[in-house]
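As structure tokens, the structure follows; a few thoughts come after it.
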Amino acid sequence: MAEQVVIVTGASRGLGAAAARILAGMGARLVINARSEGPLLTLVDEIRAADGQAVAVRGDVSDPAVCRAIVQAALDRFGRLDALVNNAGIIEPIAPLAEATGDAWARNLAVNVIGPVLLTQAALPHLRARAGRVISVSSGAAISPKSGWGAYCAAKAALNQFNAVLALEEPAITAITFRPGVVDTEMQAAIRREGAGKMAEDEHARFVGYFEQGELPPPEVPGRALAALALYAPREWSGEFIRWNEDRVAALVGE
Ligand SMILES: NC(=O)c1ccc[n+]([C@@H]2O[C@H](COP(=O)([O-])OP(=O)(O)OC[C@H]3O[C@@H](n4cnc5c(N)ncnc54)[C@H](OP(=O)(O)O)[C@@H]3O)[C@@H](O)[C@H]2O)c1
């Protein structure tokens, strides 16, 4: 499996960067994407210095031209595509439904839903040819509502249904939505910073408490599960919403 070619979006920091590092360590060849060029290029250098292979495509996943360029980079550089990890995501707007603007909602859905749809469409012909995988990073928020997170909850629920339909329509590939748990990344820092007065007080306090009590795992922990799913998830799991810490995922990581 060492030669598999994998796209990881949102790889400039957090879960995406951790998963990309782990995938490179497992021998995968990578196309990494985010909007911030500096951190992406630093990660490419780091992977190459460790004898791995990676190329960066900077840009916004909600832009169809960027999605086409990401897939083209995989074909130009490596000649094939085995897996797509739709990881890029934003939580904003953190605001009650009565306050959040339509523009902020539209931006959230563009990044969290339309981006993965466009990138999957661009990748599909090449993934079919390799019996490949699409792993879309979702959230518990897809099924468990949180005050102040209306757009994010709706977007992740939509991502789950997108994935379920993808699995129905595309029997040649394996399509999974992934639930990483609560992770120590910039997204959690934004929730602590911006959630006060916008989320219900007890819910905001719970997220602050996870951090203050040292209960947030580093991104490498769910990142290992995400990397294992991208390379090895079996076809029988297609269409499912899978938690990072399920026993069957731990077994996959162990292999
Ligand atoms: N952290 C958690 O507790 C948690 C829990 C459940 C689910 N998740 C999910 O995990 C995924 C990763 O989040 P994270 O926690 O690692 O957050 P993060 O640290 O904020 O990282 C988000 C990544 O997405 C990129 N990104 C944002 N908008 C983009 C766009 N329009 N186009 C391309 N890249 C974009 C960011 O890079 P640039 O800013 O450089 O573009 C960054 O690399 C997300 O889908 C999130 O919803 C996180």
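Order of listing sets the numbers, starting from 1, for every ligand and every atom in it. By convention here, the first residue in the shown sequence is residue 1. Keep in mind that this is a model prediction, so the values were computed, not measured.
- When all heavy atoms of Ser139 and Lys156 are compared, the pair lying nearest together is CB-CG, 3.9 Å.
- Here the closest heavy-atom approach between residue Ala54 and residue Val44 is recorded as O-CG1, 3.6 Å.
- Protein residues having at least one heavy atom under 4.0 Å from any atom of ligand 1 are Gly10, Ala11, Ser12, Arg13, Gly14, Leu15, Asn33, Ala34, Arg35, Ser36, Gly59, Asp60, Val61, Asn87, Ala88, Gly89, Ile90, Arg107, Val111, Val137, Ser138, Ser139, Tyr152, Lys156, Pro180, Gly181, Val182, Val183, Thr185, Glu186, Met187, Gln188, listed by chain and number.
- A donor-acceptor pair under 3.5 Å is absent between the side-chain atoms of Glu170 and the main chain of Leu124, judged by distance alone.
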Apply the test side chain to side chain contact (heavy atoms under 4.5 Å, CB included) to residues Arg130 and Val5: give CA-CA distance (whole Å), side-chain angles for both, the deciding distance (0.1 Å), then the verdict.
CA-CA 10 Å; Arg130 303 281 323 161; Val5 176; over 6 Å; no
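- Residues Lys198 and Glu99 are paired through a salt bridge, judged by an N-O separation under 4.0 Å between the basic side chain and the carboxylate.
- Counting only distance, with no hydrogens or angles, the side chain of Arg80 and the backbone of His126 share no donor-acceptor pair below 3.5 Å.
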